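Because the structure is predicted, anything quoted here is derived from the model rather than measured. Proteins come first, then strands; the chains are lettered A, B, ... in the order of their sequence lines, and each starts at number 1.
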Number of protein chains: 2
Amino acid sequence: MSASVSLPPAQRRSRGRPRKTADERDDGNRRQLLLRAAAGLFRQQGFAGTSTRDIAAAAGMQPGSPFYHFENKEALLAAVMTEGMERATRHQAAAMQAAADAALQAGRVLGARDCLQVLVRSHFDVLLGPESDFIPVMLYEWRSISAPQREAVNRLRSGYEAAWVPVLQALHAQGALQGDPSLARLMIFGALNWAVQWYDPTRRATLDDLTHAALQLFLKEPA
Amino acid sequence: MSASVSLPPAQRRSRGRPRKTADERDDGNRRQLLLRAAAGLFRQQGFAGTSTRDIAAAAGMQPGSPFYHFENKEALLAAVMTEGMERATRHQAAAMQAAADAALQAGRVLGARDCLQVLVRSHFDVLLGPESDFIPVMLYEWRSISAPQREAVNRLRSGYEAAWVPVLQALHAQGALQGDPSLARLMIFGALNWAVQWYDPTRRATLDDLTHAALQLFLKEPA
DNA sequence: CCTACCGATCGGTAGG
DNA sequence: CCTACCGATCGGTAGG
């Protein structure tokens, strides 16, 4: 089972390529462990309020070890944010695909209202569901990363939001959404993202309840 | 003009009462200067990301001087928050009073829609207008104060939000607002508060534009 | 990835 | 309110 014997030359040569920078490396699952620990602590205490020693300890490492995986503290924050956005985008795409498939099976088409419901519900999932520290950190700590890193995160964010634009425009066209759709989008995201501040999963409201309430609030009655 | 000669005994005796604690004192306007400087820096850089030296420098003082006015850094943050909430509550009450007076002058009554418009516009004022650092700091740094201080701020916040409750209930009763009014209130505050993250006063949208867009988004057509 | 460490910065205080 | 200062903590690194 020795790879060094059975690998073809092309792959063998790739072992000699320049080493990845510290924040791209992935030795086992230690990097993921650090990311999860950082996400949780950054969410609880904020970026400036969390020391790299806190993060190391939460990941079961020694104080200097995070810097083996990440160039500096800021790169760790940026990695939490990009990881969060990538998860959110994948989750959203999967949810839309699943809804479209289910509609097809049932011989229906997916209306704009259905699309918005799927988008809102999927958004609540990544915002308030299990493993949901990454997106809140991105939402509330973006001022702590440098401009170039912020731009990279913003590109991911634009991709995520792009799925909403045609849905809101369609709803506007059919009279279910009043006013400029792009102002409406900003306010809708605000209403949803704010739930991070008050939602208590131990209370009676479920994510489906929140989704229903949001659609009731934003959309006009069908004509 | 010597007060020590003309003051009656009762007031003279009051000079001997226990000294106010440091964070209640008000020597000239230095305390206000510190509060403003702290609000601006806390908003820009966050609580943990701002040093008391930064604040002192912004107020034109030496590094140790803030501690003459405030017991510690946390008390300074709490003072920014309570100051912000008191201003916001006063501003809101004045706006409602002015609208009611104007309606009376014109021989009309103030409907629930009018009330909501006044509340939303007043909220945008304290959130996005001039001197608007205090409320964003309260919204986004509340996790940085201790539980007892947080409770004091929350009492002020409840008072502020209390004005919204009957208005939203009335709108719900007349069919202009769908769904549970208290969930709607949380989402509406989210939509408005989120504007802190994206509103650019140099762009074309005015606070009146935002107010109009918000009412369009939340309210159903009049029956 | 750990050990041992450095320089810088921070909140806060004594004493005037 | 300033001067001078302390102990603690922090981000980060060398060397293995």
**Q** Between A:W164 and A:F189 (judged by ring centroids, cut-off 6.0 Å), do the two rings come close enough to count as a pair?
**A** yes
**Q** Is there a donor-acceptor pair under 3.5 Å between the side chain of A:D54 and the backbone N or O of A:S51?
**A** yes
**Q** By nearest nucleotide on DNA chain C, pick out whichever of A:L34 and B:P63 is the more 5' one.
**A** A:L34
**Q** So, are A:E131 and A:R87 salt-bridged, with charged N and O less than 4.0 Å apart?
**A** yes
**Q** For A:D54 and A:S65, find the nucleotide of DNA chain D closest to each by heavy atoms; which residue's nucleotide sits nearer the 5' end?
**A** A:D54
**Q** Among C:dG11, C:dC2, D:dC1, which nucleotide has an atom closest to any side-chain atom of A:M61?
**A** C:dC2
**Q** Return the nearest nucleotide to the side chain of B:T52; candidates are C:dG11, C:dC2, C:dG12.
**A** C:dG11
**Q** Could you check whether any side-chain N or O of A:R53 sits under 3.5 Å from a backbone N or O of A:P63, counting only pairs where one atom can act as donor and the other as acceptor?
**A** no
**Q** Give the rounded distance in Å between these two atoms: CZ of A:R53 and P of D:dA8.
**A** 14 Å
**Q** Nearest whole Å is fine: how far is C:dA4 P from A:F67 CZ?
**A** 18 Å
**Q** Looking at B:Q62, I'd like to know whether one of its side-chain N or O atoms comes within less than 4.0 Å of OP1 or OP2 on D:dT3.
**A** yes
**Q** What's the CD-P distance between B:E71 and C:dT13, to the nearest Å?
**A** 8 Å
**Q** What's the closest nucleotide to the B:N72 side chain, out of D:dC1, C:dG11, C:dG12?
**A** C:dG12
**Q** I'd like to know if the side chain of B:K73 reaches the main chain of B:T50, judged simply by a donor and an acceptor atom lying under 3.5 Å from each other, with no hydrogens or angles considered.
**A** yes
**Q** With both distances kept under 3.5 Å, what pairs with D:dG16, Watson-Crick or G-U wobble?
**A** C:dC1
**Q** Can you tell me the distance, in whole Å, between the NZ atom of A:K73 and the C1' atom of D:dT13?
**A** 17 Å
**Q** Mind calculating the distance between CD (B:Q45) and P (C:dC10) to the nearest angstrom?
**A** 10 Å
**Q** What is the separation between atom OH on B:Y68 and atom C1' on D:dT3, rounded to the nearest whole Å?
**A** 16 Å
**Q** Among D:dC1, C:dG11, D:dG11, which nucleotide has an atom closest to any side-chain atom of B:H69?
**A** D:dC1
